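These numbers come from a predicted model, not from an experiment. Chain identifiers are assigned alphabetically (A, B, ...) following the order of the sequence lines, protein sequences preceding nucleic acid strands; residue numbering begins at 1 within each chain. Only heavy atoms go into these numbers, but all of them, side chains included; no hydrogens, no water, no symmetry mates.
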Amino acid sequence: MASVEPAPQPAGGGIAARAMAARQSKAPDYLEGLNPEQRQAVETLNGPVLVLAGAGTGKTRVLTTRIAHILATGSAGPAEILAVTFTNKAAREMKERIARFIGGNVEGMAWLGTFHSICVKILRRHAELVGLKSGFSILDTDDQLRLLKQIIQAEGLDDKRWTPKAFAAMLDGWKNRALTPNEVPEGEARAFANGWGRKLYEEYQDRLSILNACDFGDLLLHVITLFKTNPDILADYQRRFRYMLVDEYQDTNIAQYLWLRLLAQGNPNVCCVGDDDQSIYGWRGAEVDNILRFEHDFRGAVVIRLERNYRSTSHILAAASHLISHNQGRLGKTLFTDFDDPENELVSVASCWDSEEEARSIGDEIEALQANGHALNDIAILVRASFQMRSFEDRFVTLGLNYRVIGGPRFYERMEIRDAMAYFRCVVQPADDLAFERIVNTPKRGLGEATLKLVHELARADRIPLMQAANQLCQTEEIRPKARNALKEVLANFERWRGQVDSLSHTELAEIILDESGYTEMWRLDRSAEAPGRLDNLKELIRSMEDFESMAGFLEHVSLVMDRDSVEGNDAVSIMTLHSAKGLEFDTVFLPGWEEGLFPHQRALDESGRAGLEEERRLAYVGVTRAKKRAKIWFASNRRIHGQWQSSIPSRFLDELPEEHVEIVEQSSNYGGYGGGGYGRSGGGGSRFDNRDPFQNTYSTPGWQRAQKARAAQDAVFERGDFRSSRSKKQGPLTIEGELVAKSVSEAPSEYSMGERVFHIKFGYGAIIAIEGNKLTIDFEKAGQKKVLDSFVERH
DNA sequence: GCGATAAAGGTTTTT
DNA sequence: CCTTTATCGC
């Protein structure tokens, strides 16, 4: 959370706060200005503590102050504190803030970092114990996919039908749950390629250890294995870490939880900070359950709720709180504030005809704000899905309105950067086959498939790295002279560069490598539009290497730090997804696209039922709570999805906002949109946003009426709670609900069995190929492979 | 090895 | 509908 934290807190806190402050006037400076709960969270050093920190309640402040407190009271030294975050950004911020407290030197805080960077640090010391060598490399997703593709093909499987991507997702799911190949449940193992799942997983791990590499999931898993198999080493770390802090605990997955549990055994000083209402990463393995179960898992835990919000106006908080109260699986917090903005605007809800009008209207509003002296930097547009960004970008370009997209493709994921990195990796780690493969023929050197195949075969047969195999092959006559010479040259180049590692600075060497390899030349000759930008990126890459001592140090950094500081230069509106907005705050937040199917997203509902809906609702909550002064929600009545124009229904979340804190905005533009009288029925039939005068607006189209009907039918289904019978009707409900709360997959075994033929109202007939609790993976005859909840299908 | 055309797929993202 | 990716033909 909180990359931008609230300014120093208002002095006018409650009486208790002031009394406490007065009583402890001798308290150190850093405790000054904390409210009682924050202070408790800082000062309760011993035993497990769960800090439930609502949005904008000063979470980061509590974490950093707590560390300062541990240090100041001499409870532990900097190297005895384990502080874990999810992102490098969060870790960086924490370091900066602590530095401010303790005056500069944070170098001692060796164990403040992301789960992954801390794991790497541990693994480098004990690599041999988990079958690696200390110099192991870390695969990024791209390397991983290429490796998986090789493995799938090597098994003679069709990599079109069973894509590396799909398998990577599956692997991820397993590793998130800390499952080794033999622990993968039979049903899931069988789900991929008719039972090849487990075999492929084994094969993949095998290849990784030959490559002396691991993927991101392994970093955690290897440490868990290390701890489990070497109690002495575990004990060593348990002794070392006198205090442990975990940020964003609601985002931890099972592996991270197990990791923490191991370290926390025999040392109860664990402080986890998080907000169950902001858990929005369930789909990538985060277990809200971890935070919901904390008191149970860590006996004697003190739970502290931070509910005083220092960010938003009371209207915004009221709207967000009422919305999130519709969730069942939550620990329950109610945010409050004393903060009053002079204007104290209601949360607004506006409608529009389509996404173009949405972009036009929001653009107009932003220009109006700008004219009134508001900085664009204080304005953000938060969307559910990235395709929504486009209409805003188009519009802002024509308006000449400055904007920046946050999130998008990352610097280190760009092709040219990866290529350059591959060159460096080959120099530093001669056994890095994936890197070698990547650049051996980039730029083109006439080393085609045929040559590479020979190299591969020798490498496989002798179990040696590709470069070594290539070297051996060059001594023979096996490769045609032309290719052989090209290969020889590449190898000689690497040999030479390796010899220069010690004599040249790593930045100089990097430049030489890119030059002599012909890589920069390749882009210079490329006349496509992107080429100049790519050359710039390469320059930027070299420049950023200056911050590191050596090439190896730089490579390590890059493999773990895939984020790039979004340079906050000019004044610009931020456009980003709701997910990447977590932790940020803006004066004005626009929330477009609040329509059924888009938000809540249809797929979340289909695949995870009620749990999915609740996660979407938390996402809405995150969105609204980003706003300090103004939250402006929009929905369009028509949206183009997959090219088809579809009329859309206002999101159910709109109906979950409290009327007294929301205003319905009449469209001032002539482009159509909302013309009706606002509130009508609530509860019962449809949305109150549906109640409009058919003659004053454009909602009288057949499409709209059909949608109305579908919505009403679906509401009826939802209220009866009888999802199953409703499905049998010819026209299925537009949205479907499952029955789960909190957990996305129930423990109870499904009543269905593998291979069974079933019918789904939307996808038709198909066969079950995997079962995880009540979540089925079905290979549909027409629709392909999908994950659905078992309550949505029937036997056939 | 490259360019053109066809096919497929289109939620959210960090390390 | 539009973008990205794969494959085919030269």
Using 30° and 60° as the class limits, which term best fits the ring planes of A/Phe86 and A/Phe115: parallel, tilted or perpendicular?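 Geometry flag for A/Phe115 against A/Phe86: perpendicular rings.
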N/O donor-acceptor pair under 3.5 Å between A/Asn441 side chain and A/Leu447 backbone: yes
Using nucleotides 1-7 of chain C, report all nitrogen or oxygen pairs with the protein that are shorter than 3.5 Å.
| from | atom 1 | to | atom 2 | distance (Å) |
| --- | --- | --- | --- | --- |
| C/dC1 | O4' | A/Gly643 | O | 3.4 |
| C/dC1 | N3 | A/His642 | O | 3.4 |
| C/dT3 | OP1 | A/Arg390 | NH1 | 2.9 |
| C/dT3 | OP1 | A/Arg390 | NH2 | 3.4 |
| C/dT7 | OP1 | A/Lys160 | NZ | 2.1 |

Hey, which of A/Arg360, A/Glu357, A/Glu358 is the one that makes side chain to side chain contact (heavy atoms under 4.5 Å, CB included) with A/Arg395? A/Arg360
Using the benzene-type ring in the case of Trp, are the ring centres of A/Trp283 and A/His579 under 6.0 Å apart?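 Aromatic pair counts; centres sit under 6.0 Å.
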Can you check whether A/Trp162 and A/Phe167 have ring centres sitting under 6.0 Å from each other?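 So the answer is no for these two rings.
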Distances for protein N/O vs nucleotides 8-10 of chain C N/O pairs under 3.5 angstrom?
none

Give the rounded distance in Å between these two atoms: CZ of A/Phe86 and C1' of B/dT13.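 After rounding, the gap between these two atoms is 12 Å.
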Rounding to an integer number of Å, can you tell me how far A/Lys175 NZ sits from B/dT14 C1'?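 The answer, rounded to whole Å, is 16 Å.
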Select base, sugar-phosphate, or nothing to describe what A/Asn441 touches, counting heavy atoms under 4.0 Å on all strands. sugar-phosphate
I want to check something: taking the side chain as every heavy atom from C-beta on, are A/Phe136 and A/Leu219 in contact at a cut-off of under 4.5 Å? yes
Can you list every pair that meets side chain to side chain donor-acceptor pair (under 3.5 Å) and has a residue in residues 380-392 of chain A, with sequence neighbours left out?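 Matches after skipping sequence neighbours: A/Arg384-A/Glu616.
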